[in-house]
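Numbering starts at 1 and runs along the sequence shown. Hydrogens, waters and symmetry mates are skipped; everything else that's a heavy atom, side chains included, is used.
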Amino acid sequence: MTNGKYIYFFVKEKKGGLLKFSYDRKLGIYYKILRGEKWSEEKGVFKDSFEYFYVLEDERGIINLFCQDISGDIILCKLENEKWTYKTLLYMKNQVITPIKMKAFISKDAINLMYNIVSQSSNLEILVHQIVNSEIEYSYPQIVFEKEYKSYLYSYEENNIILSSIKVGSQYQIVSRKLNNMDRKFEKEEVIDKSKISYIDFSFLINENKKHYLFVDEKEKIKVIITNDQKEVKIP
């Protein structure tokens, strides 16, 4: 979520309290706890960081916060038993330090990181996927979406992981790629929809192994596609 300036996340703790994570230029990344009707004071997580971060709670209830320090490296901050620990996941070797946006999910006891960087060859923003296992060993970075893509979403159900994006070229396309659980690489890109006019917004999810897409174009026409059954519904 966003407060108009910086993104923030809410996580419900086992004790019943609510944790709110946000960013401040002076404090860096911080959080507050709501217990009852009262917020606690700000508690620092990582001060020397850029504003983009991502929060993920794993199956054991441990909070994983991914951020980027001012050297450009990606840091994993873990909150377990009310104590923070820190590990450097990826060392960025680019000469120019650029804040990057990232998302993450956990699959088969490994961290799947997605982050945006600018390609040195094309000077376009690309989406990269990289796996980090429990021993902090990295897979080779894999480009998921390149060329002109506007945004991306992901959804997963029982290790069925799919990323979708809006791509821009001679026409607009909504495309998706599935993560193969055997070799942990993304399969060939699938085109879900094409349009001569741009999409205002889109969303999708996996439910009972079916992919459901909902999107709106510039003429405010809404279309629903369930790809597994090849159903298509247009809503005027």
- Message: One pair to check against side-chain contact (heavy atoms from CB on, under 4.5 Å): Val175 and Ile192. What are the steps and the verdict?
- Response: CA-CA 5 Å; Val175 297; Ile192 305 301; 5.8 Å; no
- Message: Working note: Ile75 + Phe66, criterion side-chain contact (heavy atoms from CB on, under 4.5 Å); need CA distance, chi angles, decisive distance, verdict.
- Response: CA-CA 6 Å; Ile75 310 296; Phe66 304 86; over 6 Å; no
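- Panel note: side chain Arg35, backbone Gly17; no donor-acceptor pair is recorded below 3.5 Å.
- Around the NZ atom of Lys103, the shell of radius 6.0 Å holds more than 12 heavy atoms that belong to other residues, nucleotides or ligands.
- Tracing side-chain contacts under 4.5 Å through hydrophobic residues (I, L, V, M, F, W, Y), one never reaches Tyr91 starting from Ile70; they form parts of separate clusters.
- A parallel orientation is assigned to the rings of Phe105 and His129, their planes being inclined by less than 30° (bins at 30° and 60°).
- Ser203 places none of its side-chain heavy atoms less than 4.5 Å from the side chain of Phe215.
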- Task: Take Lys12 and Glu57 through the salt bridge (charged side-chain N to carboxylate O under 4.0 Å, His left out) test and state the conclusion after the steps.
- Result: CA-CA 9 Å; Lys12 188 174 182 180; Glu57 185 178 19; over 6 Å; no
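- Residue Ser22 holds its OG atom at 14.0 Å from OH of Tyr31, rounded to the nearest 0.5 Å.
- A single hydrophobic cluster is seen to contain both Trp84 and Ile29, as judged by linkage of ILVMFWY side chains at heavy-atom distances under 4.5 Å, directly or through other members.
- We find that Asp58 and Arg60 are joined by a salt bridge, their nearest charged nitrogen and carboxylate oxygen being less than 4.0 Å apart.
- Within the 4.5 Å cutoff, side-chain heavy atoms of Ile74 are placed close to those of Ile100.
- Leu205 and Ile166 are not part of a single hydrophobic cluster, where members link through side-chain heavy atoms under 4.5 Å apart.
- Cation-pi geometry between Lys78 and Tyr86 is not met at under 6.0 angstrom from the ring centre and within 45 degrees of the axis.
- Here the straight-line distance linking atom NZ of Lys43 with atom CG of Leu79 works out to 10.5 Å at 0.5 Å rounding.
- Side-chain heavy atoms closer than 4.5 Å link hydrophobic residues (I, L, V, M, F, W, Y) into clusters, and following such links, possibly through other members, connects Leu65 to Ile33.
- Between the Arg177 side chain and the Lys188 main chain, no donor and acceptor come within less than 3.5 Å of each other.
- Using a 4.5 Å heavy-atom threshold, the side chains of Gln142 and Phe186 count as touching.
- Between Asn207 and His212, the side chains place no donor N or O within less than 3.5 Å of an acceptor N or O (distance only, hydrogens not considered).
- Residues Ser164 and Tyr213 have side chains that bring a donor and an acceptor to within less than 3.5 angstrom of each other.
- A 4.5 Å side-chain heavy-atom check between Leu127 and Leu163 finds at least one atom pair inside the cut-off.
- Atom CE of Met102 and atom CE of Met114 lie 11.5 Å apart (nearest 0.5 Å).
- Checked by atom type and distance alone, the side chain of Ser195 pairs as donor or acceptor with a backbone atom of Ile197 at under 3.5 Å.
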- Go through the steps to decide whether Val216 and Phe202 satisfy the test side-chain contact (heavy atoms from CB on, under 4.5 Å), and finish with yes or no. CA-CA 6 Å; Val216 186; Phe202 86 107; over 6 Å; no
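- Taking the six-membered ring for Trp and thresholds of 30 and 60 degrees, Phe9 and Tyr54 have ring planes more than 60 degrees apart, a perpendicular arrangement.
- Residue Lys185 qualifies as open at atom NZ: its count of foreign heavy atoms under 6.0 Å is 12 or below.
- There is a side-chain donor-acceptor pair under 3.5 Å between Gln130 and Tyr115.
- Distance check: Asp73 CG to Ser49 OG gives 12.5 Å after rounding to the nearest 0.5 Å.
- Within the 4.5 Å cutoff, side-chain heavy atoms of Val55 are placed close to those of Ile63.
- Note: Thr88 OG1 to Leu90 CG = 9.5 Å, rounded to the nearest 0.5 Å.
- Linking ILVMFWY residues whenever their side-chain heavy atoms come closer than 4.5 Å, directly or via other members, leaves Phe46 and Leu27 in distinct clusters.
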- Item | Phe21 and Phe53: CA distance, side-chain angles, deciding distance, side-chain contact (heavy atoms from CB on, under 4.5 Å) verdict | CA-CA 9 Å; Phe21 293 86; Phe53 67 96; 3.9 Å; yes
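- You'll find the side chain of Leu113 reaches within 4.5 Å of the side chain of Leu89, heavy atoms only.
- With salt bridges taken as basic N to acidic carboxylate O contacts below 4.0 Å, none links Glu190 and Lys178.
- Residues Gln173 and Lys194 come closest through the heavy atom pair NE2-CE, 3.9 Å.
- Ile162 and Ser176 make their closest contact through CG2-CB, 3.9 Å (heavy atoms, listed as atom of the first residue, atom of the second, distance).
- One finds the OG1 atom of Thr85 at 7.0 Å from the CD atom of Glu80 (value rounded to the nearest 0.5 Å).
- Looking at Ile126 and Asn116, their side chains never come closer than 4.5 Å, going by heavy atoms from C-beta outward.
- Looking at Tyr199 and Ile174, their side chains come closer than 4.5 Å, going by heavy atoms from C-beta outward.
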